[in-house]
Amino acid sequence: MKNGSVRKIAIGMAAAWALLGSGIVAAETAAVDKRGYLVDSRGNVVKNSYNQCWRTGYWTPELAIAECDPDLVKKEVPKVAEVPPVPPPPVPVKHVIQVRISAKNFFDFDRSAIRPEGKKILDEQVAAVLKEHPEVKRLVITGHTDRIGTVEYNQRLSERRAAAGKAYLEQQGIPGDRIVTVGKGKSEPDPIANTAVKCKGVHGRDNIIACLQPDRRITIESEESAPGSQ
């Protein structure tokens with residue numbers, strides 16, 4: 001009785017392990033759809049002597065499995081991390097200040113002293129901008145005159161007007177080495193006012209002086225470049 005009981009227990013345990021093993025196989029094989037291939041009683045794909053799987057009559061490429069037809073199985077393409085586009089380098093901004101100042105609010109006739117109205121323009125439109133943009137390395141002040149008087153006299157007057165503008169900006173804290181002055185005399189009448197045409201038929205000294213006001217001016221330009229030798 002005792003030996004018989006041991007044999008029964010051993011047989012029962014073997015059967016249990018067999019059932020458990022078949023359950024594991026079934027669970028593993030159930031995960032793969034093998035409908036396109038011939039399988040044995042354990043759910044394994046039947047293969048020939050060349051280790052090739054036997055396909056069923058209703059096999060289609062869509063039923064291919066990696067074990068038998070790895071080339072037909074769609075492989076998951078690894079996702080490539082998206083690299084954010086590299087922004088283009090910033091385009092250097094070229095700051096240009098252009099100020100047109102006429103005799104009405106800057107110079108009296110035949111004078112180079114700056115009027116209060118002209119100082120206000122230099123404060124608001126030039127000095128303030130230069131302080132906000134230290135990258136502006138070059139400032140050119142050009143003095144102009146009207147056509148009354150000789151070439152030599154007007155050349156010197158235009159240079160004094162440009163120098164007066166530079167001196168005032170230096171008083172406002174703008175370094176003098178950032179400023180270059182140029183005198184053009186009466187060689188460049190104001191192109192905006194077009195005094196060469198507008199004042200052509202004007203008679204009388206006072207009327208001519210008044211008409212030529214736009215020519216008595218200074219122009220100011222700046223750019224992001226080192227000052228050249230002048």
Side-chain angles (χ1 to χ4, degrees), residues 1-100 123-140 169 172-175 177-180 192 219-230:
M1 290 292 292
K2 186 174 182 180
N3 293 335
S5 298
V6 171
R7 286 196 297 271
K8 290 180 180 179
I9 291 172
I11 294 171
M13 291 180 64
W17 280 108
L19 291 173
L20 181 60
S22 63
I24 293 174
V25 172
E28 291 178 350
T29 56
V32 179
D33 186 357
K34 301 178 180 179
R35 289 177 299 161
Y37 302 89
L38 182 64
V39 295
D40 58 19
S41 59
R42 294 185 178 182
N44 298 322
V45 178
V46 178
K47 300 179 181 179
N48 59 21
S49 58
Y50 297 100
N51 201 34
Q52 296 173 332
C53 302
W54 287 91
R55 296 173 179 173
T56 61
Y58 50 85
W59 178 92
T60 61
E62 287 75 15
L63 296 176
I65 61 176
E67 179 184 354
C68 300
D69 297 290
D71 295 337
L72 299 178
V73 177
K74 293 182 178 179
K75 297 179 177 62
E76 291 188 3
V77 179
K79 293 183 179 180
V80 180
E82 294 184 1
V83 179
V86 179
V91 179
V93 179
K94 190 172 184 179
H95 299 284
V96 177
I97 307 170
Q98 292 184 330
V99 182
R100 173 179 173 272
D123 288 337
E124 297 176 353
Q125 300 185 33
V126 182
V129 176
L130 289 176
K131 291 176 181 178
E132 292 179 1
H133 298 281
E135 70 274 15
V136 177
K137 303 301 181 183
R138 177 185 176 94
L139 185 71
V140 181
L169 290 177
Q172 309 313 306
I174 306 303
D177 57 4
R178 296 174 67 184
I179 305 173
V180 177
I192 298 176
T219 57
I220 301 174
E221 297 180 350
S222 69
E223 58 185 22
E224 290 181 358
S225 61
S229 58
Q230 295 196 24

Report the distance from atom CZ of R35 to atom OG1 of T60, rounding to the nearest 0.5 Å.
8.5 Å
Hey, does L169 have a side-chain heavy atom less than 4.5 Å from the side chain of I179?
yes
Rounded to the nearest 0.5 Å, what separation is found between the CG atom of L72 and the CG atom of L63?
11.0 Å
Atom of Y37, atom of A64 and distance for their closest heavy-atom approach
OH-CA, 3.3 Å
Would you please name every residue forming a side-chain hydrogen bond (donor to acceptor under 3.5 Å, both in side chains) with E132, sequence neighbours left out?
none
Using modelled atom types and a 3.5 Å cut-off, is there a donor and acceptor pairing between side-chain atoms of K34 and backbone atoms of N44?
no
In terms of heavy-atom contacts, V73 and A66 come closest through CG2-N, 3.4 Å
Taking K47 first and then E67, would you say they form a salt bridge - that is, a charged N and a carboxylate O separated by under 4.0 Å?
yes
Which residues pass the salt bridge (charged side-chain N to carboxylate O under 4.0 Å, His left out) test with E124, sequence neighbours left out?
none
Working to the nearest 0.5 angstrom, can you tell me the gap between R178 CZ and L130 CG?
5.0 Å
Take K131 and V129 through the test side-chain contact (heavy atoms from CB on, under 4.5 Å) and record every step on the way to the result.
CA-CA 5 Å; K131 291 176 181 178; V129 176; over 6 Å; no
